[in-house]
Amino acid sequence: MLDSLDRPIILTASAKINLALHVTGRRNDGYHTLESLVVFADFGDRISVKRAAKDNFSMSGRFGDGLPSNATNLALRARDALRAAFPDRVTPVSIHLEKHLPVASGIGGGSSDAAAVLNALARLWALDVDVDRLAAIGLPLGADIPMCLHAQPLVARGVGDEIERIAAFPHLPLVLANCGASISTPQVFANLNKRDNPPLPALTAMQSVDDVCAYLRATHNHLFEATRALTPEIDHTVTVLTQTSPRLVRMSGSGGTCFAIYDSDDEAQAAAASVRRQHPGWFVVATHSAMEGN
Ligand code: C5P
């Protein structure tokens, strides 16, 4: 019998933004070692889970059509991985994914969905798990899943799985823009000309947008040139954002989403409105960095 008092658990799967991404080497298994300064936006997909008579999965939202709804979907792979780890504690669940983030776009949509499913189901099933255990369960599904489980400002090292949380970080007004270019992350990594770059500079205390931008100016996204070579449209996204006079423009992850940083939320809103007017078909959102996820 279903408990009629069962309510869905609804979590935001926040967009992940690589403010800086240094590629520092390559492991024997082919994965690259990275150092990345990451924040999460106050914007993302929404995951809703609740008990059900039998398993089911549905999607909605602007980008809901771009994904398979079968067991290859990262949300369902996360459910199945958690079930495999706790086979005696699980009941059927209904999962709904509201997809607001573009697919395969460098802002961790799939990884963030998987992380939100892990968090939501751990609560629904009352599992005794901490974030490290969930990260170990999620990592084989995607290198960004551990950082998405933390969903707060952090530095990620290793293949993205070694997390150093940043306790204090300023409110960062942002615009995210994506022209719709489709990008394959494995192809971008395969296309790198240089893999042994220096690590990130030592973290400084960051209390203002100025502090963050000063730090970021000494850093890079080492995937940018490889993405550009495969997808020259990225240059246009950078140019359009640059024309809104932000403090800094850069690509996140392997692209194609680029972000711009502003001094205020009002400036970010105005810039987003201007980019949207010029390119009504693009994904454009004004947001800001969030201190805590979910
Ligand atoms: O783990 P995820 O699905 O995000 O990675 C997609 C692909 O990107 C991997 O199969 C790998 O080719 C590449 N990758 C990498 N080094 C990383 C993360 C991803 O080479 N640290």
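Worth knowing before you read on, the calculation uses all heavy atoms, side chains too, and leaves out hydrogens, waters and symmetry mates. Worth saying up front: this structure is predicted, and the values here are computed from it rather than measured. Note that ligands are numbered from 1 as they come in the structure, with each ligand's atoms numbered from 1 the same way.
- For atom 7 (C) of ligand 1, the closest non-hydrogen atom of the protein is Pro186 CG, 3.8 Å.
- Those atoms of ligand 1 that come under 4.0 Å of a heavy atom in Gly30, given as number and element, are 20 (O).
- At least one N/O-N/O distance between His32 and ligand 1 falls below 3.5 Å.
- For the side chain to side chain contact (heavy atoms under 4.5 Å, CB included) criterion with Ile137, the lone passing option out of Leu82, Asp132, Leu149, Ile145 is Leu82.
- By the 3.5 Å distance cut-off applied to N or O atoms, Ala143 is counted among the residues near ligand 1.
- Which parts of ligand 1 touch Thr185 is read off a 4.0 Å heavy-atom cut-off, strictly below it: atoms 8 (O).
- In Tyr31, the parts holding a heavy atom less than 4.0 Å from any atom of ligand 1 are both the side chain and the backbone.
- Met251 is not connected to Leu174 by any chain of hydrophobic side-chain contacts under 4.5 Å among Ile, Leu, Val, Met, Phe, Trp and Tyr, and they are in different clusters.
- The aromatic rings of His22 and His222 sit tilted relative to each other, their planes meeting at an angle between 30° and 60°.
- By the rule that hydrophobic residues join a cluster once side-chain heavy atoms approach within less than 4.5 Å of another member, Val117 and Val103 end up as members of one cluster.
- Annotation: atom 19 (C) of ligand 1 to nearest protein heavy atom, Phe189 CE1, 3.6 Å.
- Atoms of ligand 1 found under 4.0 Å from any heavy atom of Val159, numbered from 1 in the order shown, are 21 (N).
- None of Val209, Asp265, Asp42 except one satisfies the side chain to side chain contact (heavy atoms under 4.5 Å, CB included) rule with His171; the exception is Asp265.
- The only option from Leu154, Ile166, Ile163 that meets the side chain to side chain contact (heavy atoms under 4.5 Å, CB included) definition with Val38 turns out to be Leu154.
- In summary, the atoms of ligand 1 found under 4.0 Å from a heavy atom of Leu34, numbered by their order in the structure, are 21 (N).
- Near Gly142, meaning under 4.0 Å from one of its heavy atoms, ligand 1 places the atoms 1 (O).
- Between Phe283 and Phe43, the ring planes lie tilted relative to each other; the angle falls in the 30° to 60° range.
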